[in-house]
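Working notes, beginning with the structure itself.
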Amino acid sequence: VIREGRIEFDRVTFRFGAAEVPVLHHISFTAEPGKTVAILGSTGAGKSSLVSLVPRLYDATEGQVRIDGVDVRDIDLDHLRSRIGLVLQESVLFTGTIRDNIRYGRPDASDEEIEQAARAAQAHEFIANMPEGYDTMLGQRGVNLSGGQKQRIAIARALLVRPVILILDDSTSAVDLGTESRIRAALAELMRGCTTLLIAQRITSVMDADHILVLEEGKIAAAGSHAELMRHSDIYRDIYRS
Ligand code: GTP
């Protein structure tokens with residue numbers, strides 16, 4: 001069972017089906033419990049593929065992904081996924097009320113718990129301002145939320161589950177500055193105590209990470225803390241300056 005949330009990638013190679021060129025080549029790193037590992041790389045570098053191996057959306061072709069020393073393939077899939085929070089850019093909301101969307105991973109959650117999670121996710125205010133509040137319908141015949149609002153619903157959902165491991169895509173592309181700082185505050189709250197894999201395209205979002213992997217064409221091109229990479233990595237300094 002997953003307790004601490006130490007994630008280890010041990011010479012992981014991954015290819016889609018019978019594709020010749022692997023998407024990930026010999027990736028090894030460890031994310032220590034409670035720490036944040038940021039994965040920085042341009043589009044197509046393999047960031048999403050890498051994190052998808054943790055909740056087993058895909059399985060490694062070679063090598064091993066371990067959590068707390070156990071190969072993820074030997075962990076009960078429901079248990080594995082119940083301990084991992086996913087806040088991705090296109091967070092999945094379904095047709096149903098806001099309340100149902102927030103309690104998706106914890107159907108037994110009380111209304112108080114749901115509101116508490118929404119407050120911590122900086123979502124309570126916009127929800128309370130809707131005519132039907134938490135009973136507002138989302139989806140096909142319901143209201144349409146903005147990207148930033150959807151993201152905060154996804155954060156509230158993850159907060160309710162209190163996962164051990166968090167997989168986060170922190171791109172906050174289409175939101176105004178006020179919303180962006182609110183989302184950052186919500187993410188900081190969510191990340192407390194979680195082992196976090198943070199997908200990033202911009203250097204400003206990785207500078208505080210405990211460890212940074214620079215991914216290029218499926219390979220780790222550089223790794224270290226921001227200070228270490230600034231000292232030793234030409235690739236990282238180039239990204240920093242651009
Ligand atoms: P962005 O999400 O654009 O920032 O890219 P990324 O760094 O997350 O890369 P990703 O892991 O999504 O993709 C890595 C490579 O795998 C790219 O060359 C993709 O074209 C390829 N790829 C992604 N999904 C699939 C898939 O479902 N099937 C196949 N065959 N290739 C895929």
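All ligand and atom numbering here is 1-based and tracks the order in the structure. Each residue takes its place number in the sequence, starting with 1.
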Non-hydrogen protein atom less than 4.0 angstrom from atom 19 (C) of ligand 1: no
Any side-chain donor near an acceptor of the partner, His226 and Tyr236, under 3.5 Å: yes
Quiz question: by atom type and distance under 3.5 Å, do the side chains of Gln64 and Asp71 form a donor-acceptor pair? yes
Nearest-contact summary for [atom] - protein heavy atom, Å:
| atom | value |
| --- | --- |
| atom 10 (P) of ligand 1 | Ser49 OG, 3.7 Å |
| atom 31 (N) of ligand 1 | Phe16 CD1, 3.2 Å |
| atom 3 (O) of ligand 1 | Thr43 OG1, 2.5 Å |

Side chain, backbone, both or neither: which applies to Val23 and ligand 1 if a contact is any heavy-atom pair less than 4.0 Å apart? side chain
In terms of side-chain geometry, is the basic nitrogen of Glu32 or Arg6 positioned less than 4.0 Å from the acidic oxygen of its partner? yes
Looking at Gly46, Gly41, Ser48, the heavy atom closest to atom 9 (O) of ligand 1 belongs to Gly46
Check whether any side-chain heavy atom of Phe29 lies under 4.5 Å from a side-chain heavy atom of Leu50, and answer yes or no. yes
Ile212 vs Val37 side-chain heavy atoms within contact, under 4.5 Å: no
Could you tell me, atom by atom, which parts of ligand 1 come under 4.0 Å of a heavy atom of Ser42? 7 (O)
Side chain or backbone, does Gly44 bring an N or O within less than 3.5 Å of an N or O on ligand 1? yes
With under 30° as parallel and over 60° as perpendicular, where do the rings of Tyr104 and Phe94 fit, or are they tilted in between? tilted
